[in-house]
Amino acid sequence: MSPTTTRPRTPDAAGETRPTSPVRIMLVDDHAIVRQGLRSILGREPDLEVVAEASTAPEALVVVRHARPQIVLLDLKLSTSSDAEGLELCAQLVAEHPEVRVLVLTTFLDEQLVLTAIRLGAKGYVVKDVDTTGLIRAIRDVARGESAFDPRSAAAMVRGLNAPAPREAATSLTARETEVMALLARGQSNGEIGRSLYISETTAKFHVGNILRKLGVSRRAEAVYEASKLGVI
């Protein structure tokens, strides 16, 4: 057998060395032209490789199992029916594929939206008007296990963290529902919530239903978003 050869590591512009094995990236965006543009941009970088694409949340959950990306570049709005579909997908990806790192790339910039995405497990948040250099830097940072934000997203997150909680937060949910809400924000299922709080899965489901009703939403990720805006979590 001939000896195995290892390709050398090459320094980047900052003098850091990166492995020649490219970072595997999956694009999740409902606009084909956006995915094509991202594929073209990222394809120019020798250390990055787009290995899969998806346009909907259900498709993404199927494709990610086969493509095994290291990073999912995720838009938050994947349809006209909901602004939070991407948040829900983020939570599912993190829960079902903890080895995958989610980097949000979206047009939406809102203090609580950034906070909610991070609470649901995203490793970074970048707005789509970021320049190419900033996007590539964010991807590389996330690939190294770091967090990544463009300046506007970072500022929005700081504003969200510093914003005073509104008065409604004190009365919108019961103490138990607030506990359940905190576990929802971690992406836990009804069964996991039940085990964490020593209650039955049926009781956990009942509390989740009450939370959705009180917050006027139909999806768990939307509940996390609304609770963040209210200052509950």
Side-chain angles (χ1 to χ4, degrees), residues 4-79 85-108 114 117-150 153-154 186-187 221:
T4 302
T5 58
T6 302
R7 290 190 295 175
R9 295 165 64 93
T10 56
D12 62 11
E16 299 178 0
T17 57
R18 296 193 300 271
T20 54
S21 177
V23 176
R24 298 170 59 82
I25 301 169
M26 177 176 167
L27 309 176
V28 182
D29 194 296
D30 60 333
H31 292 100
I33 192 169
V34 172
R35 299 196 307 274
Q36 291 168 4
L38 287 171
R39 182 180 283 274
S40 176
I41 290 169
L42 301 180
R44 302 183 192 130
E45 304 300 319
D47 60 323
L48 306 179
E49 180 184 9
V50 176
V51 297
E53 300 179 14
S55 61
T56 67
E59 180 185 9
L61 291 172
V62 171
V63 173
V64 72
R65 298 187 188 102
H66 304 289
R68 302 180 67 181
Q70 294 164 271
I71 293 178
V72 171
L73 206 56
L74 173 65
D75 189 7
L76 290 183
K77 189 172 179 64
L78 298 175
S79 70
E85 193 172 1
L87 287 174
E88 188 169 353
L89 175 58
C90 176
Q92 287 181 277
L93 288 171
V94 171
E96 297 177 15
H97 304 279
E99 75 284 358
V100 175
R101 296 164 183 166
V102 176
L103 173 59
V104 172
L105 177 65
T106 188
T107 57
F108 298 97
V114 178
I118 299 307
R119 284 169 176 155
L120 290 174
K123 300 301 183 184
Y125 196 109
V126 179
V127 180
K128 281 185 176 177
D129 62 3
V130 69
D131 60 30
T132 300
T133 301
L135 174 59
I136 292 173
R137 183 187 303 116
I139 292 172
R140 288 172 177 158
D141 286 345
V142 171
R144 288 195 295 267
E146 302 170 8
S147 298
F149 302 89
D150 65 85
S153 299
R186 298 178 191 173

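Residue numbers count from 1 along this sequence.
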Would you check if the side chain of Arg101 reaches a backbone N or O of Val142 as a donor-acceptor pair within less than 3.5 Å?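 Side chain of Arg101 to backbone of Val142: a pair is present.
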Checking Arg35 now: which residues fulfil salt bridge (Lys or Arg N to Asp or Glu O under 4.0 Å) with it, not counting sequence neighbours? Glu53
The criterion is salt bridge (Lys or Arg N to Asp or Glu O under 4.0 Å); which residues satisfy it with Glu146, sequence neighbours excluded?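 For Glu146, the residues satisfying salt bridge (Lys or Arg N to Asp or Glu O under 4.0 Å) (neighbours in sequence not counted) are Arg144.
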Non-neighbouring partners of [X] that pass side chain to side chain contact (heavy atoms under 4.5 Å, CB included), sequence neighbours left out:
| X | answer |
| --- | --- |
| Val130 | Val126, Leu135, Asp150 |
| Asp131 | Thr133 |
| Arg65 | Leu61, Val62, Glu96, His97 |

Spatial distance of atom [atom1] ([X]) from atom [atom2] ([Y]) [nearest 0.5 Å]:
| X | Y | atom1 | atom2 | result |
| --- | --- | --- | --- | --- |
| Lys77 | Leu87 | NZ | CG | 11.5 Å |
| Ile139 | Leu105 | CD1 | CG | 8.0 Å |
| Asp29 | Leu76 | CG | CG | 10.0 Å |
| Leu103 | Met26 | CG | CE | 14.0 Å |
| Leu120 | Leu89 | CG | CG | 11.0 Å |

Using a 3.5 Å cut-off and no angle test, enumerate the donor-acceptor pairs between side-chain atoms of residues 68-75 and protein atoms at least two apart in sequence or in another chain.
from: Gln70; atom 1: OE1; to: Arg24; atom 2: N; distance (Å): 2.8
from: Asp75; atom 1: OD1; to: Thr106; atom 2: OG1; distance (Å): 3.0
from: Asp75; atom 1: OD2; to: Lys128; atom 2: NZ; distance (Å): 3.3

